[in-house]
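Notes follow the structure.
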Amino acid sequence: MPRKTKKARRLVADGHVYLWSIRHSHRVLDDGRSADCRQTLTLHPQPPGTGGSLRVVFADGPGRYVPGGAPMGSGDVGQVRGASLNLHRPGAVRALLDAALAIGWRPGERRAVELDGWPLLDTADAARAGRGEPRPDGGRPEGGRRHALDGA
């Protein structure tokens, strides 16, 4: 039986429990076309009230892709010539969570945090590939970098 796509999924990492989901959003132009597409991964520490949510946002832009119809899968985000992830895969979500933790996000903080996902992508892609998980495009990662959390 297929999974309900809008239902949050459970992830356990380093003794912490999270519910996670992904959402697509965009602005509709007067002529009906979509613009400013964004794919957002949201992780909610559990139980509720134990910490603020983490939102990892991938906004469409030059040299980048987010889901917006064929030929891409609904959870694929990436660089045209570089790293990519499928946000429907728990391993990709775990890799992004680990990358966010490495730059200073703490699940126990009460405030919600929104991070630009693009600086985390190379690190997450390399970590996921290191665990032997396939990339959406079948390629190999280009290596990871660490980035400082804005405002930390």
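These figures come from a predicted structure and were not determined experimentally.
Between V56 and T40, the closest side-chain pair of non-hydrogen atoms is not below 4.5 Å. Taking the side chain as every heavy atom from C-beta outward, V77 and L41 never approach each other to under 4.5 Å. Residues R10 and V17 are in side-chain contact: their nearest non-hydrogen atoms beyond the backbone lie under 4.5 Å apart.
No continuous path of hydrophobic side-chain contacts links L43 to L19 [ILVMFWY only; heavy atoms under 4.5 Å].
Between the W118 side chain and the V57 main chain, no donor and acceptor come within less than 3.5 Å of each other. Side chain of R106 to backbone of L101: a donor-acceptor contact under 3.5 angstrom is found.
The CZ atom of F58 sits 9.0 Å away from atom CD of Q39, with the distance rounded to the nearest 0.5 Å. I22 contributes atom CD1, which lies 5.0 Å from atom CG of L87 (distance to the nearest 0.5 angstrom). Here the CH2 atom belonging to W105 is positioned 5.0 Å from the CG atom belonging to L54, to the nearest 0.5 angstrom. If you take OG1 on T50 and NE2 on H44, they are separated by 11.5 Å, rounding to the nearest 0.5 Å. Interatomic distance, CG of D76 versus NE2 of H88, reported as 8.0 Å (0.5 Å rounding). The CG atom of D122 sits 5.0 Å away from the CD atom of Q79 when rounded to the nearest 0.5 Å.
Taking all atoms of both residues into account, the shortest heavy-atom contact from P90 to L11 is O-CD1, 4.4 Å. Contact detail for L97 and A13: the closest heavy-atom pair is CD2-CB, 3.8 Å. Of all non-hydrogen atoms in S84 and D125, the two that sit nearest each other are O-OD1, 2.8 Å. Closest non-hydrogen pair, A95 versus A124, comes out as CB-O, 3.3 Å. Across all non-hydrogen atoms, the minimal contact from P107 to P45 is O-CG, 3.6 Å. Here the shortest heavy-atom pairing between D116 and L120 reads O-CG, 4.1 Å.
The salt bridge (charged side-chain N to carboxylate O under 4.0 Å, His left out) search around R64 returns none, not counting sequence neighbours. Considering only residues two or more places apart in sequence or on other chains, D14 meets the side chain to side chain donor-acceptor pair (under 3.5 Å) condition with R94.
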*Run the numbers on S21 and R9 for side chain to side chain contact (heavy atoms under 4.5 Å, CB included), then give the verdict.*
CA-CA 6 Å; S21 61; R9 297 174 70 180; over 6 Å; no
